[in-house]
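Each remark here refers to the structure printed beneath this line.
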Amino acid sequence: MRIAIISDIHANLEALSAVLEDILQQQADRIVCLGDIVGYGADPAACVMLVREHAAFSVLGNHDAAAFSPQQRTYFNPLALEAVRWTAGQLGEEHASWLRQLPYRVSFENLLFVHSAPRAPEEWDYVFGGMEARMQARYFFERVCFIGHSHIPGVYPLDSDVGEYSPSHRFIINAGSVGQPRDGDWRSSYGLLDTVAGTYNNRRVAYDVDAAMRKIMDRGLPPRLAQRLKAGV
Ligand code: ZN
């Protein structure tokens, strides 16, 4: 089975469309989403619609939760806060209730999917590197845990020092961000796991970043949210 793992779309419709196109070309059997479908970008409703249409399932991200629950906005910085308030007004009851029923974790085929970290997905901890990943290893029993949240792609071995993915070891894998990459590369990031071939690839996909930036400005969202897209930060 070829599984495409998408995360942190952040209402960037141009990025999501380009990634779905690439996934089609890669002939994935299934798409799974690690959350943060909305927040920051200009097209929250359209992105929720596309994920509902194409993904087998999605887990809940902190920006999704904040969109329907003001208590979840406590730790948001002013930029994120302004964006999430605008987002909440855009969603409508139907999309908001769909987000509300998303689970914190999904497990299948010896794989775990969460937005933030396996220990306590609802606490929104960040896993930025190998050390933090290893501290999470004993909190899940599946072989691989896929995460998003930091917007920085990475493959972190838990029970070995192998430099890249292998089907005989345990890993935490960050799929990176579709709609707001922060590793200095503006192109969308997503993951492609092939359970038959035993491979994992991080794919980068160019999209119409200028259109996405223009829409953020046109909607009256903070200009910083447009600028950071092109810088990949
Ligand atoms: Zn995010």
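Atoms within each ligand, like the ligands themselves, are counted from 1 in listed order.
The other members of the hydrophobic cluster of L81, by chain and number, are F76, V84 (side-chain heavy atoms under 4.5 Å, ILVMFWY only).
Scored by the side chain to side chain donor-acceptor pair (under 3.5 Å) test, D208 finds no partners at all (sequence neighbours excluded). With sequence neighbours left out, R73 forms a side chain to side chain donor-acceptor pair (under 3.5 Å) with no residue at all.
Of the charged side-chain nitrogens involved, at least one lies within less than 4.0 Å of a carboxylate oxygen, so that K215 and E14 count as a salt-bridged pair.
Note: F113 and F57 have perpendicular aromatic rings, judged against thresholds of 30 and 60 degrees for the angle between ring planes.
Geometrically, R170 does not engage F141 in a cation-pi contact, judged by NZ or CZ lying under 6.0 Å from the ring centre and within 45° of the ring axis.
Protein-derived N/O/S atoms nearer than 2.8 Å to the Zn ion (ligand 1) total 4, waters excluded.
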